[in-house]
Amino acid sequence: MYRRGNYSSGEDFVLEYGDLRFTFNERDFSERCEQAARRLGFIGDGITDDETEDLINLVVNGEVTDPASALGQHVNDCWPELVGPSDRSLVHWLRRLIFRSAWLDQRVKEGELSIIFDDAGGDFVYIQPERGGEPIALAPEPSWGRVAYVRR
């Protein structure tokens with residue numbers, strides 16, 4: 001049986017699921033947090049360092065107790081709409097997308113997957129070289145666009 005490796009870019013942050021333990025350096029983790037929040041429609045492009053700090057606190061702690069930015073305050077103001085059953089909360093989906101991105105990147109590193117740019121879709125796609133370049137079908141994400149943070 002093939003044992004897959006664990007993703008690691010540093011030791012600043014840790015995500016564990018079952019037998020998998022993924023570790024991240026600060027920059028990698030913050031970029032993945034931002035990418036996940038953008039993919040869920042919760043933020044737009046480019047956030048400030050203070051907003052990034054609040055987003056990381058949300059992912060790591062499941063809440064923003066002492067907001068450093070308007071984003072953190074927005075999270076607290078919209079909390080009833082962001083929280084829900086564990087598999088439907090914003091925090092759950094942020095963590096899930098961060099984990100999924102690291103899992104996919106580890107599969108690329110191990111040669112199981114490759115990445116191509118899809119000109120038509122304007123996005124990068126993970127493909128399976130051993131299956132003739134068949135793309136990986138990822139589960140769709142819900143959208144938090146209705147409560148998206150918009151910098152004023």
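- The CG atom of L15 sits 15.5 Å away from the CH2 atom of W103 when rounded to the nearest 0.5 Å.
- Side chain of N6 to backbone of R21: a donor-acceptor contact under 3.5 angstrom is found.
- Atoms CZ and OG, from R95 and S89 in turn, are 7.5 Å apart once rounded to the nearest 0.5 Å.
- V125 and L104 are members of different hydrophobic clusters when ILVMFWY side chains are connected at heavy-atom separations under 4.5 Å.
- Contact record, L40 with P142: CD2-O, 3.3 Å, taken as the closest heavy-atom pair.
- For R100 (side chain) and A139 (main-chain N/O), a donor-acceptor pair under 3.5 Å exists by modelled atom type.
- The backbone N or O of S8 sits nowhere less than 3.5 Å from a side-chain atom of T23 that would complete a donor-acceptor pair.
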Report all side-chain donor-acceptor pairs from residues 31-38 shorter than 3.5 Å, counting only partners two or more places apart or in another chain.
{"unit_1": "E31", "atom_1": "OE2", "unit_2": "R27", "atom_2": "NE", "d": "2.9"}
{"unit_1": "R32", "atom_1": "NE", "unit_2": "D28", "atom_2": "OD1", "d": "2.7"}
{"unit_1": "R32", "atom_1": "NH1", "unit_2": "S101", "atom_2": "OG", "d": "2.7"}
{"unit_1": "R32", "atom_1": "NH1", "unit_2": "D105", "atom_2": "OD2", "d": "3.2"}
{"unit_1": "R32", "atom_1": "NH2", "unit_2": "Y7", "atom_2": "OH", "d": "2.9"}
{"unit_1": "R32", "atom_1": "NH2", "unit_2": "D105", "atom_2": "OD2", "d": "2.8"}
{"unit_1": "E34", "atom_1": "OE2", "unit_2": "R38", "atom_2": "NH2", "d": "2.7"}
{"unit_1": "R38", "atom_1": "NE", "unit_2": "G44", "atom_2": "O", "d": "3.4"}
{"unit_1": "R38", "atom_1": "NE", "unit_2": "D45", "atom_2": "OD1", "d": "3.1"}

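- Of the possible donor and acceptor atoms, none in the side chain of H74 sits under 3.5 Å from a partner among the backbone N and O of V150.
- The cluster map of Ile, Leu, Val, Met, Phe, Trp and Tyr, joined by side-chain heavy atoms under 4.5 Å apart, puts F99 and V108 in the same cluster.
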Q. Given the rule in the side-chain contact (heavy atoms from CB on, under 4.5 Å) test, do L82 and F42 qualify, once you have shown the distances and angles that lead to the verdict?
A. CA-CA 10 Å; L82 303 177; F42 186 66; 3.9 Å; yes
Donor-acceptor contacts under 3.5 Å from residues 113-123 side chains, at least two apart:
{"unit_1": "D118", "atom_1": "OD1", "unit_2": "A120", "atom_2": "N", "d": "3.3"}
{"unit_1": "D118", "atom_1": "OD2", "unit_2": "G121", "atom_2": "N", "d": "3.3"}

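- Taking a 6.0 Å sphere around CZ of R146, one finds it holds more than 12 heavy atoms contributed by other residues, nucleotides or ligands.
- Screening residues 54-83 for salt bridge (Lys or Arg N to Asp or Glu O under 4.0 Å) gives no qualifying pairs among residues at least two apart or on separate chains.
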Q | side-chain contact (heavy atoms from CB on, under 4.5 Å) assessment of L90 paired with L58 | A | CA-CA 9 Å; L90 176 64; L58 178 62; 4.1 Å; yes
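- Criterion: ILVMFWY side-chain heavy atoms under 4.5 Å apart, direct or through other members. Under it, L55 and V14 are not part of a common hydrophobic cluster.
- With W93 as the aromatic partner, R96 meets the cation-pi criteria of under 6.0 angstrom to the ring centre and within 45 degrees of the ring axis.
- Annotation for S30 and I56: closest pair CB-CD1, 3.5 Å, computed over non-hydrogen atoms.
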(Q) Let's go through L71 and T48 carefully: what are the C-alpha distance in whole Å and the side-chain angles of both, what is the deciding distance for side-chain contact (heavy atoms from CB on, under 4.5 Å) to 0.1 Å, and is it a yes or a no? (A) CA-CA 9 Å; L71 184 145; T48 68; over 6 Å; no
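- Annotation: the span from I136 atom CD1 to E134 atom CD amounts to 7.5 Å, rounded to 0.5 Å.
- Taking the side chain as every heavy atom from C-beta outward, D50 and E53 approach each other to under 4.5 Å.
- For the pair V59 and F13, the minimum side-chain heavy-atom distance is 4.5 Å or more.
- One finds the OG1 atom of T52 at 10.0 Å from the CD atom of E26 (value rounded to the nearest 0.5 Å).
- Within a 6.0 Å radius of CD in E130, other residues, nucleotides and ligands contribute 12 heavy atoms or fewer.
- Here the OH atom belonging to Y149 is positioned 3.5 Å from the CD atom belonging to E51, to the nearest 0.5 angstrom.
- Residue F22 holds its CZ atom at 4.5 Å from CG of L20, rounded to the nearest 0.5 Å.
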